[in-house]
Amino acid sequence: MKFKKNILCIGAGYVGGPSMAMIAYKCPDCRVTVVDINPARIDAWNSAELPVYEPGLDEIIKKTRSKNLFFAKDIENQIKENDIIFVSVNTPTKTFGAGAGKAADLQFVEKTARQILEHSQSPKIVIEKSTLPVKTALAMERILASAKGKITFEVLSNPEFMAEGTAMADLEKPDRVLIGSRETQSGLKARAELVDIYARWVPAEKIITSNIWSSELSKLVANAFLAQRVSSINSISALCEKTDADISEVARAVGMDSRVGSKFLKAGIGFGGSCFKKDILNLVYLCSYYGLQEVADYWESVVKINEYQQDRFTANILGSMFNTLAGKKICILGFSFKADTGDTRESPAIYITRKLLAEHAQVVISDPKALKNAAIDLASDKGKISYIEDPYSAASGCHALAILTDWELYRKLDFRKIYKSMVKPAFIFDGRNIIDHKKCFDIGFNVYPIGKPALSRFEDQSSV
Ligand code: UDX
């Protein structure tokens, strides 16, 4: 069958896989191919067990794979054969040299640009889909512009705003699609071609276009604003715990102001995930680079409050459990950075577990999807941690439960049954405020929510 457009995506990760699956699903007349430097990843995409867990992804892959969606290993050949190339490779935070710990490591992006340059035999539209620091497109353009002969490349920015766990719904009904391009004739033409693809299923008013630098910056700023809301509400949760105010009541009252809005105001143990911290630090680096130190400091404080919230949570466990955790068994309920994903990147649970281990606690970790990743994250602590998927078995014999992920199943647990199997006095630290605190207190637990008064049978011994 002859396809109208041949689309390639370099990078088969959390963004590349699902977003290309959606394009293939919505555009049956386009051939979409996804490649990756890691052949094992491609094998996984071609197998029954996909490397990414997303509700609804399996169904879409089943409907499209080997019809108009292909996962392939021959990167060089695919570059030759496709006209539209998405670049969705990873851009981790730099761990070395200038900007270490803050700036994005662009080596994979640059290598990809050079690879495209080397193997292209016809003009291409190259689209940045990874979250990148502002002006990365410029670097890509410069590399691609060194092409000998007549091959031309047009670089576009099309950041992905989908969130994990709801990726397929976000891709199908996005709040907006953003496409940035050069405002030259060829730039506008390439932009129109990409608009055309999204217009198959996204209403026209939701497809917005801008200059390329605005598009790159918008992605960083969108994530910074979202993370800032979480840090803002978490900072107030600390004050609520001191003043007997209730963070849920405060969030409801504040969020009902239509200018503020009610979403993303849930206090907890802090944000995780691959994007927020990385993107904010990127923004901080960018601001410092341009000499805007006050602006850099302002955004850096969002990350600092996030770390403070995790420190507060562990200090509260220690203080409430009579200032010693040595030899006590603590059951962690939930290890992924949020519900409905097995992803543990930057999960607050990693940091909290390490802090508990440093106090010589025995840690049991339970999670419906993230145990494999948890064991990888905590490989250096092998032997000190048990991993048990069933929450009832995990909690049995423990002194405390720490709820770290907002999995729906934890709301519905039989806490009476759990209480019976635990060492007394039994404690619950609800890091996500998802269970019925009063009910658990009545069962016999000492209950410590976030940003609400503790329901405890002991004098406050907290050292916080
Ligand atoms: C985020 C952005 O939402 C998405 O647009 C972008 O493309 C990638 O980064 P994601 O990392 O998948 O998506 O997760 P998100 O749902 O945004 O949650 C991030 C973190 O904030 C989670 O750890 C979550 O538990 C926490 N959070 C979120 C809160 O603690 N409180 C809230 O009210 C909302």
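Both ligands and their constituent atoms are indexed starting at 1 by order of listing. These values consider heavy atoms only, across backbone and side chains, with no hydrogens, waters or symmetry-generated copies.
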>> With respect to Phe271, determine whether any N or O atom, backbone or side chain, lies less than 3.5 Å from an N or O atom of ligand 1.
In response: no
> Is the shortest N/O to N/O distance between Val230 and ligand 1 below 3.5 Å?
Replying inline: no
>> When you compare the side chains of Asp367 and Trp407, does any donor N or O come within less than 3.5 Å of an acceptor on the partner?
In response: yes
> For Ser274 and ligand 1, does the shortest N/O to N/O distance drop below 3.5 Å?
Replying inline: no
> Going by the order shown, which atoms of ligand 1 are within less than 4.0 Å of some heavy atom of Leu226?
Replying inline: 3 (O)
> Are Gln228 and Tyr298 linked by a side-chain donor-acceptor pair shorter than 3.5 Å?
Replying inline: yes
>> Please classify the Arg432 to ligand 1 contact at 4.0 Å (heavy-atom distances, strictly less than): side chain, backbone, both or neither.
In response: side chain
> How far does CD1 of Ile60 sit from NZ of Lys26, to the nearest 0.5 angstrom?
Replying inline: 7.0 Å
>> Please check this pair: side chain of Ser366 against backbone of Ile388, looking for a donor-acceptor N/O pair closer than 3.5 Å.
In response: yes
> Any idea which atoms of ligand 1 are less than 4.0 Å away from a heavy-atom of Ala163?
Replying inline: 3 (O), 12 (O), 13 (O)
> At a non-hydrogen distance cut-off of under 4.0 Å, which region of Lys263 contacts ligand 1 (side chain, backbone, both, or neither)?
Replying inline: neither
> Hey, is Thr166 touching ligand 1 through its side chain, its backbone, both or neither, going by heavy atoms under 4.0 Å?
Replying inline: neither
> Atom CD1 of Ile247 and atom CG of Asn433: how far apart are they, to the nearest 0.5 Å?
Replying inline: 9.0 Å
>> I need the nearest protein heavy-atom contact for atom 15 (P) of ligand 1: residue, atom name and distance, please.
In response: Lys338 NZ, 3.6 Å
>> So Asp436 and Arg411, do their side chains get closer than 4.5 Å, heavy atoms only?
In response: no
> Can you list the steps and then say if Asp343 with Ser336 is a side-chain hydrogen bond (donor to acceptor under 3.5 Å, both in side chains)?
Replying inline: CA-CA 5 Å; Asp343 194 351; Ser336 56; over 6 Å; no
> Can you find an N/O atom of Gly268 closer than 3.5 Å to an N/O atom of ligand 1?
Replying inline: no
> How far is atom 17 (O) of ligand 1 from its nearest protein heavy atom, and which residue and atom name does that atom have?
Replying inline: Phe264 CZ, 3.1 Å
>> With respect to Cys275, determine whether any N or O atom, backbone or side chain, lies less than 3.5 Å from an N or O atom of ligand 1.
In response: no
> Looking at ligand 1, does any of its N/O atoms fall within less than 3.5 Å of an N/O of Lys266?
Replying inline: yes
>> Closer than 4.0 Å to some heavy atom of Lys219 - which atoms of ligand 1 meet that?
In response: 6 (C), 7 (O)
>> Does any N or O of ligand 1 fall below 3.5 Å from an N or O anywhere on Phe276, backbone included?
In response: no
> Atoms of ligand 1 less than 4.0 Å from Glu160 heavy atoms?
Replying inline: 7 (O)
> Does the ring center of Phe225 lie less than 6.0 Å from the ring center of Trp299?
Replying inline: yes
> Any chance the side chains of Ser237 and Gln309 put a donor and an acceptor closer than 3.5 Å?
Replying inline: yes
